[in-house]
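Single-structure report; data block below.
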Amino acid sequence: MKNKIIIANWKMNLTIKQTEILTKDIIKEIKKIKNLDNIEIVLCPSFVALSLVANLLKRMKKIALGAQNCFWEDYGAFTGEISPITLNEIGCKYVIVGHSERKKYLSETDNMTHQKVKSILNNNLIPIICLGETFEERQKGLKEFVIINQITKILEGIKLKAHQKIIIAYEPVWVIGSGQAIEPKEANYIRKVILQRLIDLYPLPIIRNNIRIIYGGSVDSKNIKNFVSPDSFDGVLVGGASLRSDEFIKMIKNLL
Ligand code: PGA
């Protein structure tokens, strides 16, 4: 069985000081938990707090570091952008790409996400690729079409070598930050739609060993168990509920 994964996406919610306090609280509590062998924990602070969190995590092998975005070129005249090379250098293992908030506020397209995924893989990082339909698309009966189309645009033409891994995060856009996750049954149905499209794109051993599919959207300690199981999602991407250490730790414990 694949390791379960819980990823905290702190977005732009914390100052550097607040990030430090939250990270220290989480580390303190994680040290007390036994049997964490089958769970991977990932923290994704803002860019400016990455090196601070990387330092705090130095002796904490159980927690990995992730970035919330990156650019698709390694170097160059791209003012304000962040290279995957530097993310690697700083100690990141994961990079979130294609998040719906970047699509909404910064006009990120599936083609940009495609380029970012290529570059992230080339730099030996693991992309966490966000997919999901909006409420309007769902109401028009288009959710399957939208999901398949996003996977195709983002992943078509990207071959995965034996050592390269990706994570696909299904995040229905309309439940992000709403406090109300979707029905686990509906989410699991979309997981199967994603899997079916992946089967057309990649050999089965690659899907089995190199790709994880996770759920995101108003996950908390009460509902986390409904989304993660051997015949459902491999893990979760958590926004709001990861901003409080007690709630985040409860989620981890509920995954054990
Ligand atoms: P949420 O955010 O848990 O606050 O809904 C999830 C996300 O945006 O990744």
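Just so it is clear, the values below take in all heavy atoms, side chains as well, and ignore hydrogens, waters and symmetry mates. We count ligands from 1, going down the list as the structure has it; atoms in each ligand are counted the same way.
Within the structure, no pair that satisfies the ring-ring contact (aromatic ring centres under 6.0 Å, His included) test touches residues 4-29, not counting sequence neighbours. Sorted by first then second residue, the side chain to side chain donor-acceptor pair (under 3.5 Å) pairs that include residues 195-204, not counting sequence neighbours, are T152-R197.
Remark: K143 engages E186 in a salt bridge, criterion side-chain N to carboxylate O under 4.0 Å. Salt bridge present: K17 and E20 bring a charged side-chain N and a carboxylate O closer than 4.0 Å. Comment: D220 does not engage K222 in a salt bridge, judged by the lack of any side-chain N to carboxylate O separation of less than 4.0 angstrom.
Remark: minimum distance from atom 7 (C) of ligand 1 to any protein heavy atom is reached at E171 OE2, 3.1 Å. Counting only heavy atoms of the protein, atom 4 (O) of ligand 1 lies nearest to G240 N, 2.8 Å. In this structure, the protein non-hydrogen atom closest to atom 3 (O) of ligand 1 is G239 N, 2.8 Å. For atom 2 (O) of ligand 1, the closest non-hydrogen atom on the protein side is K11 NZ, 3.3 Å.
Every atom of ligand 1 with a heavy atom of G217 under 4.0 Å away is listed here by number and element: 5 (O). Residue-ligand proximity, N9 to ligand 1, at heavy-atom distances under 4.0 Å covers atoms 9 (O). Atoms of ligand 1 lying under 4.0 Å from at least one heavy atom of S218, given by number and element, are 1 (P), 3 (O), 5 (O).
Between V238 and ligand 1, no N or O atom pair is found at a separation short of 3.5 Å. Considering backbone and side-chain atoms together, H99 places an N or O closer than 3.5 Å to an N or O of ligand 1. Among the atoms of G177, some N or O lies under 3.5 angstrom from an N or O of ligand 1. Not a single N or O atom of L237, backbone or side chain, sits closer than 3.5 Å to an N or O atom of ligand 1.
In this structure, A241 has no heavy atom closer than 4.0 Å to ligand 1.
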Salt bridge (charged side-chain N to carboxylate O under 4.0 Å, His left out), that's the test. Do K140 and E137 meet it? Break it down for me.
CA-CA 5 Å; K140 283 184 196 155; E137 288 164 341; over 6 Å; no
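Judged by distance alone, the side chains of W174 and E133 do bring a donor and an acceptor atom under 3.5 Å apart.
Residues I154 and I190 fall within the same hydrophobic cluster, defined by Ile, Leu, Val, Met, Phe, Trp and Tyr side chains chained together at heavy-atom separations under 4.5 Å.
Residue E40 forms a salt bridge (charged side-chain N to carboxylate O under 4.0 Å, His left out) with just one option from K61, K4, R212, and that option is R212.
For I176, heavy-atom contacts with ligand 1 shorter than 4.0 Å involve the backbone as well as the side chain.
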